[in-house]
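Only one structure is covered here, and it is reproduced in the block below.
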Amino acid sequence: MDSSSSSQPEFDYLFKVLMIGDSGVGKSSLLLRFTADSFEDLSPTIGVDFKVKMVTIGGKKLKLAIWDTAGQERFRTLTSSYYRGAQGIIMVYDVTRRDTFTNLSDIWAKEIDLYSTNQDCIKMLVGNKVDKESERVVTKKEGVEFARQYGCLFLECSAKTRVNVEQCFEELVLKILDTPSLLAEGSASVKKKNIFKQSQPQADAATSGCC
Ligand SMILES: Nc1nc2c(ncn2[C@@H]2O[C@H](COP(=O)(O)OP(=O)(O)OP(=O)(O)O)[C@@H](O)[C@H]2O)c(=O)[nH]1
Ligand SMILES: [Mg+2]
């Protein structure tokens, strides 16, 4: 009965997924919906939060370590260090707040360029709060266009009604599973030891240099 001594690996791959975007767009709510299928009025995240979910996608047993960062600017220095080693990044905006969409190019895409260490890292753009259709100010077409320009996957969803929430994570993971360089890193034999102390890919020396 002792599963810990079993030689059968607990999972095939461990993937690190990061959630970024302005404060209040619903990152934590999406994560809560995905991991616990619930929705409640959450307080802004302080620093970084972390949840694990086991899933079977594409016939593989996967352990997803999902890092939920604070959108507030005062945490930006702290959150920047969590991009390292992520195989997937979910960029969230609120379809009812234009500033959260313009900040994707002004802030979040730049943060990815600066801090992501995986060249092949899969990006998913998510427009959240589609349940508030009457308050929508960012069209779906604008989201599609941004995603095309920045080479991201794209979905609109609602953490409140659960529309498309699972799909966001599933589509991201399927694309990671389809990318050999990311798979090699996420393989259970490499990652099993300690999910908090990941073996990092070689950081680009140019980005880690200082003045
Ligand atoms: N109507 C609606 N409200 C939502 C949805 N998702 C989140 N909210 C609400 O938006 C507010 C902010 O949600 P959070 O999940 O805390 O936002 P966050 O992106 O984690 O914010 P930070 O942690 O500060 O970065 C909360 O009051 C949520 O209840 C949604 O899909 N629809
Ligand atoms: Mg949060």
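One-based numbering, in listed order, for ligands and for the atoms of each. Nothing here was measured: the structure is a model prediction, and the numbers come from that model.
Two residues are said to be in side-chain contact when any heavy atoms from C-beta on lie closer than 4.5 Å; Ile89 and Ile112 meet this criterion. Contact check for Ile122 versus Thr179: side-chain heavy atoms found under the 4.5 Å cut-off. In this structure the side chain of Leu183 reaches within 4.5 angstrom of the side chain of Leu177, judged on heavy atoms.
Taking only nitrogen or oxygen atoms, main chain and side chain alike, Phe39 does not reach within less than 3.5 Å of ligand 1. The shortest N or O to N or O distance between Thr45 and ligand 1 is below 3.5 Å. Looking at Ala159 next to ligand 1, an N or O pair under 3.5 Å apart turns up.
Residues Glu185 and Gly85 share a closest heavy-atom pair of OE1-O, 4.1 Å.
Atoms of ligand 1 found under 4.0 Å from any heavy atom of Ala70 (numbered from 1 in listed order, with element): 25 (O). Within the listing of ligand 1, atoms 17 (O), 19 (O) sit less than 4.0 angstrom from a heavy atom of Val25. Taking every non-hydrogen atom of Pro44 and a distance limit under 4.0 Å, the qualifying atoms of ligand 1 come out as 23 (O), 24 (O). Heavy-atom contacts of Ser158 reach the following atoms of ligand 1: 31 (O) (cutoff under 4.0 Å). Short contacts between ligand 1 and Lys132, defined as distances under 4.0 Å to a heavy atom of the residue, involve ligand atoms 1 (N). The ligand atoms of ligand 1 that sit less than 4.0 angstrom from a heavy atom of Gly71 are 22 (P), 25 (O). Atoms of ligand 1 lying under 4.0 Å from any heavy atom of Asp22, numbered from 1 in the order shown and given with element: 19 (O).
Lys60 forms no cation-pi arrangement with Tyr13, by the criterion of a distance under 6.0 Å to the ring centre and an angle within 45° of the ring axis.
Summary of contacts: the protein heavy atom closest to atom 16 (O) of ligand 1 is Leu42 CB, 3.8 Å. Looking only at heavy atoms of the protein, atom 27 (O) of ligand 1 is closest to Asp41 OD1, 2.5 Å. Of all protein heavy atoms, the one closest to atom 17 (O) of ligand 1 is Gly26 N, 3.1 Å. Ranking the protein heavy atoms by distance from atom 12 (C) of ligand 1 puts Gly24 O, 3.5 Å first. Counting protein heavy atoms only, atom 28 (C) of ligand 1 is closest to Ser29 OG, 3.8 Å. Annotation: atom 10 (O) of ligand 1 to nearest protein heavy atom, Lys129 NZ, 3.0 Å. Closest protein heavy atom to atom 18 (P) of ligand 1: Lys27 N, 3.5 Å. Protein heavy atom in closest approach to atom 6 (N) of ligand 1: Asn128 ND2, 3.1 Å.
For Asp94, the side-chain hydrogen bond (donor to acceptor under 3.5 Å, both in side chains) partners at least two apart in sequence or on another chain are Thr96, Lys129.
By the 4.0 Å N-to-carboxylate-O rule, Arg162 lies close enough to Asp37 to be salt-bridged with it.
If you check the side chains of Asp131 and Ser158, you find a donor sitting under 3.5 Å from an acceptor.
Between the side chain of Arg98 and the main chain of Val137, a donor-acceptor pair closer than 3.5 Å is present. The closest donor-acceptor contact from the side chain of Glu142 to the backbone of Thr139 lies under 3.5 Å. The backbone N or O of Asp99 sits nowhere less than 3.5 Å from a side-chain atom of Arg97 that would complete a donor-acceptor pair. Judged purely by atom type and a 3.5 angstrom limit, Ser81 has no side-chain atom pairing as donor or acceptor with the backbone of Thr77. In this structure a side-chain-to-backbone donor-acceptor pair under 3.5 Å is missing from Lys53 to Ile66.
Listed by chain and number, the protein N, O or S atoms at a distance under 2.8 Å from the Mg ion (ligand 2) are Ser28 OG, Thr45 OG1.
A tilted orientation is assigned to the rings of Tyr82 and Trp67, their planes being inclined by 30° to 60°. Classified by interplanar angle (parallel below 30°, tilted 30° to 60°, perpendicular above 60°), the ring pair Phe154/Tyr93 is parallel.
Closest heavy-atom approach to atom 2 (C) of ligand 1 within the set Val48, Asp68, Thr161, Asp131: this belongs to Asp131.
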